[in-house]
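Hydrogens, waters and symmetry mates play no part in the numbers below; they use all other heavy atoms, side chains included.
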Amino acid sequence: MKHFNENDDYECNPIRFYHVCTDGEDNGIVYTSENDYRQAVTISAICAFKANVKIVCFCHMSTHSHFVIWSDSYDKAECFSNSFKRDYSRYFVLKYKTDPVYCGISAKPIVIADRYYLMNCIAYVLNNPVAAKITSRAEDYRWSSFNAYFSESSDDSVPIERLGVRNIRNILQTKAKLKNSGFRINMDGSIHLKSYIDYGIVERIYGGKKEFYRSMAMTDSAVEEMRYVSHVVRFNDTELYAEAQEIARRKYSTNTLNLLTKERKIALVIPLQRKTKASVERIARILRISPKEVKRYAGLIEDVATPSEK
């Protein structure tokens, strides 16, 4: 694949940037634990290598994932998108013994037509946790590529070639041939962020850390203020999911939310809201039922949500 030169003419360059998003109305929560997020990171890195595309940035939220990638063909970009959805859904079904996720979500790659759009799209993706009020600073969110750029993080990783085929399969849970991937493996078994993210192109596009942070702030008029003003969210989505599991365990002697009937899920709404003060929309997302159903069966409880969640 030809390397992208940021000075090339966008109209003439065979390389194109794409925005890929797995968002959808009926997703529900698809990442319920740290291991789920870790698997999403691993699966996306492997899918990008197999499809011969480069990930520029990513952010995995509880209900969806965002990517900016570059490729020399639309087909390769679409192959990455479809492979990620399929492989993560397969993992999810095997682990939770439930229905597949990302069903009916097209996640068609959207061409990023110019440099201005590219810079804003990268900022938009990386600012998702801030916009969702999960954290007040994008760099504090663990499941994005934010900290790959303009950083000198310590590196105790080892080249994947040193591990051997059997060890690679055991660590990454894949049969993919990754010998020429360039991946480096961290001590905890994860793929080192800088070994599969094209952080260099982001650093060249923005030119410096100051411009990079300024772009983050410009994606939303409230983002700059929230970066410097402490904002505390009582429960992130993973913690909220854990609370719902605990209530289900006490109420129904099970913590497997996906196996509960809709009526039993709805019965969890009020005790969960009282405990966490989460909004109707967030609770509906966690329980994988629609906000309309929550409001219809459990009553309008939105008014008691915390101001930061309204």
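- Between Val41 and Trp143, some side-chain heavy-atom pair lies under the 4.5 Å cut-off.
- Tyr213 places a side-chain heavy atom less than 4.5 Å from the side chain of Glu139.
- Residues Leu126 and Ser145 have side chains in contact (heavy-atom distance under 4.5 Å, counting atoms from C-beta outward).
- In terms of the salt bridge (Lys or Arg N to Asp or Glu O under 4.0 Å) criterion, residue partners of Lys108 (sequence neighbours excluded) are, by chain and number, Glu78.
- Not counting sequence neighbours, Tyr252 has no partner by the ring-ring contact (aromatic ring centres under 6.0 Å, His included) test.
- When the side chain to side chain contact (heavy atoms under 4.5 Å, CB included) test is applied to Cys21, the partners found at least two apart in sequence or on another chain are His19, Asp23, His64, His66.
- Tyr196 and Val158 fall within a single hydrophobic cluster, where Ile, Leu, Val, Met, Phe, Trp and Tyr are joined by side-chain heavy atoms under 4.5 Å apart, directly or via other members.
- In this structure, Leu268 and Leu257 have side chains that are in contact, with non-hydrogen atoms separated by less than 4.5 Å.
- Side-chain atoms of Pro129 and Met61, non-hydrogen and from C-beta on, do get closer than 4.5 Å to each other.
- When only modelled atom types and interatomic distance are considered, Arg184 and Ser157 share a side-chain donor-acceptor pair under 3.5 Å.
- For the pair Lys133 (side chain) and Val130 (backbone), a donor-acceptor distance under 3.5 Å is absent.
- With sequence neighbours excluded, no residue forms a side chain to side chain donor-acceptor pair (under 3.5 Å) with Asn82.
- Using cut-offs of 30° and 60° on the angle between ring planes, the pair Phe84 and Tyr88 is parallel.
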Criterion side chain to side chain contact (heavy atoms under 4.5 Å, CB included) on Tyr117 and Ile110, from CA distance to verdict: CA-CA 11 Å; Tyr117 182 12; Ile110 299 172; 3.9 Å; yes

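- Shown here are the side chain to side chain donor-acceptor pair (under 3.5 Å) partners of Arg264, two or more places apart in sequence or in another chain: there are none.
- For the ring-ring contact (aromatic ring centres under 6.0 Å, His included) test, residues two or more places apart in sequence or in another chain that qualify with Phe80 are Phe67.
- Remark: Asn180 engages no residue in a side chain to side chain donor-acceptor pair (under 3.5 Å) (not counting sequence neighbours).
- The hydrophobic cluster containing Tyr74 also contains Val68, counting ILVMFWY residues as joined when their side-chain heavy atoms lie under 4.5 angstrom apart, directly or transitively.
- You'll find the side chain of Tyr18 reaches within 4.5 Å of the side chain of Arg16, heavy atoms only.
- For Phe212, the ring-ring contact (aromatic ring centres under 6.0 Å, His included) partners at least two apart in sequence or on another chain are Phe146, Tyr149, Phe150, Tyr206.
- Pairs of residues two or more places apart, or lying in two chains, that qualify as salt bridge (charged side-chain N to carboxylate O under 4.0 Å, His left out) and include a residue from residues 250-261 are Glu246-Arg250.
- Asp188 and Ser190 share a donor-acceptor pair across their side chains, judged by distance under 3.5 Å alone.
- By the salt bridge (Lys or Arg N to Asp or Glu O under 4.0 Å) test, Glu34 is found to be paired with Arg38, Arg142, residues two or more places apart in sequence or in another chain being considered.
- For Ser215 against Ala123, the heavy-atom pair with the smallest separation is O-CB, 3.5 Å.
- Val111 and Val56 fall within the same hydrophobic cluster, defined by Ile, Leu, Val, Met, Phe, Trp and Tyr side-chain heavy atoms under 4.5 Å apart, directly or through other members.
- Between the Ser81 side chain and the Ala107 main chain, a donor and an acceptor come within less than 3.5 Å of each other.
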For the pair Leu272 and Leu240, evaluate side chain to side chain contact (heavy atoms under 4.5 Å, CB included) and give the outcome as yes or no after the intermediate values. CA-CA 8 Å; Leu272 183 59; Leu240 187 60; 4.0 Å; yes

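- Ser89 places a side-chain N or O within donor-acceptor distance of the main-chain N or O of Val101, the cut-off being under 3.5 Å.
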Checking side chain to side chain contact (heavy atoms under 4.5 Å, CB included) for the pair Ile46/Phe183: CA distance, chi angles, key distance, verdict? CA-CA 9 Å; Ile46 293 172; Phe183 293 162; 4.3 Å; yes

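- Scanning for side chain to side chain contact (heavy atoms under 4.5 Å, CB included) contacts around Ser33 gives Asn35, Asp36, Lys95, Tyr96, with sequence neighbours left out.
- Partners of Tyr31 by side chain to side chain donor-acceptor pair (under 3.5 Å), not counting sequence neighbours, listed by chain and number: Ser65, Tyr102.
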